[in-house]
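One structure is given here, and the rest of the page talks about it.
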There are 2 protein chains.
Amino acid sequence: MEARVRLSDVAKAAGVSAATVSRVLRRPELVSPGVRERILGVIEELGYFANPAARALASARTNVIGILIPSLTNNVFADVLRGIYSVAQDSPYDLQFANTRYSNLEEENLLRVFLSQKPAGLIVTGTDQSPASRTLLKQASCPVVQIMETGDDPVDMMVGFSHVRSAHAATAHLVGQGYRSIAFLGARMDPRTRRRMQGYSRALEEAGLFDERLIVTTPRSSTVTLGCELLGLLLEKELNADAVFCNNDDLALGVLFECQRRRIAVPSQMGICGFNDLEMMAVANPPVSSIRTFRQEMGEQAIRMLIDRIEGRAVTTPLLDLGFELMVRQSSQRQLPPL
Amino acid sequence: MEARVRLSDVAKAAGVSAATVSRVLRRPELVSPGVRERILGVIEELGYFANPAARALASARTNVIGILIPSLTNNVFADVLRGIYSVAQDSPYDLQFANTRYSNLEEENLLRVFLSQKPAGLIVTGTDQSPASRTLLKQASCPVVQIMETGDDPVDMMVGFSHVRSAHAATAHLVGQGYRSIAFLGARMDPRTRRRMQGYSRALEEAGLFDERLIVTTPRSSTVTLGCELLGLLLEKELNADAVFCNNDDLALGVLFECQRRRIAVPSQMGICGFNDLEMMAVANPPVSSIRTFRQEMGEQAIRMLIDRIEGRAVTTPLLDLGFELMVRQSSQRQLPPL
DNA sequence: TTTGTGAATGAAAGCGCTTTCATTGTCAAT
DNA sequence: ATTGACAATGAAAGCGCTTTCATTCACAAA
């Protein structure tokens, strides 16, 4: 192991002081062009890499952007992460993820850990932080973006969409198709799932069709298999459900599979609408209706806003609603039954 | 903003020197129980958090474990990450991910960045690093685990399974079921996909059934929709394919959907076998055969081995083959056609 | 009592950078 | 020529820890 090249080695080799080398790296405009080029040459030649710890310690800040998401395995967050990544890749910032596992307490702890590092910025999920977390975020000396939801009380910046409105739209669509006994299937009842349930409930109340027995939920996290099971539970209740709005597409696909197995015709005997519009929904048989959400774009926008703020640029829209799109497909287009 | 609590603040409040506080944190056995308890109390009371930058700078090492994976959005890696997480959560180590995007060049760059931080350990994907990366890893002053594959020439430690053997088993199974024109569908031809293709080819050659025209691949990354398309491409070739082995389950599900649409009976007219055994495969109609791989366990083992090594414990099996399991389901169990 | 030993603690020197402040040199304005 | 302003650079003081080395003290052995 050869010793690491330090800033002072570069300085010595270039015949300048350490301060000047540091300036070349941090504020190159402060160094005369000739010296700057020479130093850059030496850096290249020696293969110098700044020690991030020393840098962070001396400057009392890092180039770390912390990201708190509830789950790594959920497709939704994977897409968001991809968006974040694609933008951050070309920036000088390092991303650091942490997984709150849908726990406000873990979130709070992780937040403290992150903040203790003086991150350049922070991305957190949702609006349902614990009061302590919220205070921490408010007092944070770095910009913060909340993602996945909209709301009128951002900690700092926010980008997402309305779960209530999108679920309302999906449910209203089912009502419009003539379904009368529309169930809600929900897994892992996180705040966003709850809001979707709210949108569902509101739409049915407006149509005079609400019946709480039609709501089937579980704290387990959602899978296709779970969709099959939840449909089974629903059918056991013998409420003559003729449609289901699923909290997400995994469940919706499971419902579709289970309907096939039980010879329940989709969409005539059972309408199905999912949530998130995973790519597979469009190629299932029949294709499954869903609410399209802009997950990757959400990630991209979040990190862009953050970087703009970090670098002192004005953020024109600190509260960004990306909306949603109802993708109507065969699974929810009922051929109206004969009277 | 209240000033951060420093080690020296704790020391002052506890009436001891900074060195002693540091010892309580790093090597508590060196401090007498009474003093230790008192200091821990003060730490708790003041809400002291060590500054990781200062710590790293002073000790010339970090508690960061770097993880290099090719993709964040792939289910497979998501499962591996979950495994890694579940173990690391209760350890003092911080995880830091980076995404190589299936590029050896990016991997090399990221490796340099990681190594410049003197990580406590490193997890990298696969065995196909560039020669330069391999050299970097060999010279690394920290333990390294390669995941996702087995091989006889590990950089340091390795945990995974044989893609060749598992694909061979899947293909041999299809042969055994009486299929005679077995296609291979592959997307994003990364090294592991290639090895699966090798296993497929070998099995068919052994059976005297190999025909390279039956191989349909694309550099695009795999989706269910792509499975539909690839099946379309295969059928256009009019080779009377009667089975497909898919590089992964996304493709396999797409093939199933496309068969349904084209009224191709599965498994009688078309056998299907996927790879990875995502949970949804078991509940599709018909259930789809697949190769089960132990992704989460792979992550768990990888980080365990790493931590054991970091902490100086002997690793009994530095080259761990987790194997695989052929999950035979209806999609590949042909009712043999009449003669 | 004296001595040696080891456990417990403190003093102080960095770790490799950044940044403030001081210094020097250059050039336009007077 | 003199002054002032500003650009370019260097000296040096930390940033908040860890760790080496020295010191103190208690206690067992002689």
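FYI, side chains are in, hydrogens and waters are out, and symmetry mates aren't considered; it's all heavy atoms of this structure. Throughout, protein chains are lettered first and strands after them, A, B, ... in sequence-line order, and every chain is numbered starting at 1.
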* Point-to-point distance, once rounded to the nearest 0.5 Å, from CD1 of A/Ile69 to CD1 of A/Ile147 -> 7.5 Å

* Can you sort out which residues in residues 47-58 of chain A have a heavy atom within less than 4.0 Å of DNA chain D? Ascending by number, please. => A/Leu57, A/Ala58

* Test item: side-chain donor near acceptor, B/Gln301 and B/Gln296, under 3.5 Å -> no

* Asked: Is B/Arg309 paired with B/Asp156 through a side-chain N to carboxylate O contact shorter than 4.0 Å?
  -> yes

* Using heavy atoms and a sub-4.0 Å distance, could you list which residues of residues 16-24 of chain A are near DNA chain C? By number, please. => A/Ala19, A/Ser22, A/Arg23

* Asked: Could you state the interatomic distance from CD (A/Glu300) to CD1 (A/Ile84), rounded to the nearest 0.5 Å?
  -> 10.0 Å

* Please indicate whether B/Arg27 has more than 12 foreign heavy atoms, meaning atoms of other residues, nucleotides or ligands, lying under 6.0 Å from its CZ. => no

* Asked: Do we see a donor-acceptor contact under 3.5 Å between the side chains of B/Ser133 and B/Arg112?
  -> no

* Which parts of residues 28-41 of chain B get close to DNA chain C, meaning a heavy atom less than 4.0 angstrom away? -> B/Val31, B/Ser32, B/Val35

* For A/Arg6 and for A/Arg61, find the nucleotide of DNA chain C with the closest heavy atom, then tell me which residue's nucleotide is more 5'. => A/Arg6

* **Atom pair CD (A/Glu106) and CG (A/Leu111), whose distance is rounded to the nearest 0.5 Å** => 12.5 Å

* Asked: Once the angle between the rings of A/Phe77 and A/Tyr102 is folded into 0 to 90°, is it parallel (under 30°), tilted (30 to 60°) or perpendicular (over 60°)?
  -> perpendicular

* **Bounds of contact between DNA chain C and chain A, in 5' to 3' order, using a heavy-atom cut-off under 4.0 Å** => C/dG16 to C/dT20

* To do: To the nearest 0.5 angstrom, please state how far the CG atom of B/Leu7 sits from the OH atom of B/Tyr48.
  => 4.5 Å

* Asked: Do B/Ser103 and B/Arg101 have a side chain donor and acceptor closer than 3.5 Å?
  -> no

* To do: Give me the bend of the helix from C/dT1-D/dA30 to C/dT30-D/dA1, using the axes of the five pairs at each end, rounded to 10°.
  => 40°

* To do: Would you please test B/Ser130 and B/Glu108 for side chain to side chain donor-acceptor pair (under 3.5 Å) and show each step?
  => CA-CA 7 Å; B/Ser130 72; B/Glu108 201 175 311; 2.8 Å; yes

* **Residues, nucleotides or ligands: over 12 heavy atoms within 6.0 Å of A/Glu311 CD** => yes

* Asked: NZ of B/Lys118 to CZ of B/Arg61: how many Å apart, nearest 0.5 Å?
  -> 11.5 Å

* Asked: Which residues satisfy the salt bridge (charged side-chain N to carboxylate O under 4.0 Å, His left out) test with B/Arg134, sequence neighbours excluded?
  -> B/Asp153

* Supply the atom-to-atom distance B/Leu68 CG to B/Leu110 CG, rounded to the nearest 0.5 angstrom. => 5.5 Å

* Asked: When all nucleic acid strands are considered with a 4.0 Å heavy-atom cut-off, which category describes B/Arg27: base, sugar-phosphate, or nothing?
  -> nothing

